[in-house]
Amino acid sequence: MRIDIVSLLPELIRSPFEASIVKRAQTKGLAEVHLHDLREFGIGKHKQVDDYAFGGGAGMVMKPEPLFECIEGLTAQRTYDAVIYTSPDGKTFDQPMANRMSDYRNVLIVCGHYKGIDQRVRDTLITHEISIGDYVLSGGELAAAVIADALIRLIPGVLNDETSALTDSFQDNLLAPPVYTRPAEFRGLKVPEILTSGNTPAIEQWRADQALARTRDRRPDLLGE
Ligand code: ADE
């Protein structure tokens with residue numbers, strides 16, 4: 001998978017792609033992330049990228065020309081399976097969405113700033129509008145990093161244990177059960193006995209029960225209850 005991110009602040013999200021699983025995915029050649037500085041496409045000697053909103057009101061709007069030039073430059077080089085705009089008014093990102101997009105070859109993510117981007121860009125170049133939750137960030141960069149991370153870890157071969165993405169929270173619409181590691185007793189706190197019993201079917205049943213109980217307690221909406 002190749003992910004291109006168009007942003008006014010690319011330095012804000014360089015580090016998430018230079019560490020851990022996402023870095024390893026790139027080293028293994030399973031993913032590529034390219035950051036593009038929209039300012040380079042700004043207009044005039046001040047490299048202007050934003051302007052006042054027609055009709056008045058507070059806040060600046062990202063101008064169409066730099067976005068068109070940058071995005072069309074990229075779409076001329078390859079076909080994108082998704083041209084995503086990150087915005088609080090987009091569709092809320094979730095695991096089924098990540099699963100669907102995880103086999104895309106080329107993904108372009110455009111990060112919004114200020115009051116957002118000119119609607120004509122959204123109408124003509126954007127194919128997916130995604131929010132990462134019902135709160136407002138100061139820009140779309142962190143949302144882009146979240147989306148890229150969620151997609152990259154699902155690419156086959158990225159995680160060491162291929163089954164571990166399958167047992168994540170949400171993969172079966174349930175939260176993940178509690179997990180423990182050694183020591184079996186720490187400061188008087190004991191690991192549930194079943195987990196050290198060696199009885200695999202009983203452990204699986206316990207995990208399923210715990211996942212259901214946790215989901216019922218914390219996220220009954222996932223159960224449709
Ligand atoms: N930009 C600002 N807030 C955002 C959000 N919640 N999701 C995606 N992009 C955003």
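Side chains are part of it too, since the values below use all heavy atoms of this structure and drop only hydrogens, waters and symmetry mates. Both counts, for ligands and for their atoms, begin at 1 and track the order of listing.
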Using the side chain to side chain contact (heavy atoms under 4.5 Å, CB included) definition, which of the options Gln26, Lys23, Glu32 pairs with Phe17? Gln26

Between ligand 1 and the protein, which N/O pairs are shorter than 3.5 Å?
unit_1, atom_1, unit_2, atom_2, d
ligand 1, 3 (N), Leu137, N, 2.9
ligand 1, 6 (N), Gly133, O, 3.1
ligand 1, 6 (N), Tyr135, O, 2.8
ligand 1, 7 (N), Ile132, N, 3.0
ligand 1, 9 (N), Ser87, N, 3.2

Examine the side chains of Ser87 and Glu129 and answer whether a donor and an acceptor come within less than 3.5 Å of each other. no

Taking the side chain from Arg214 and the backbone from Ala176, do they hold a donor-acceptor pair closer than 3.5 Å? yes

Which ILVMFWY residues can you reach from Trp206 by hopping between side chains whose heavy atoms are under 4.5 Å apart? Tyr180, Val191, Ile194, Leu195, Ile203

At their closest point, which heavy atom of Ile155 faces which heavy atom of Leu30, and how far apart are they? CD1-O, 3.7 Å

Treating Asp81 as the side-chain partner and Asn106 as the backbone partner, does any N or O pair qualify as donor plus acceptor under 3.5 Å? yes

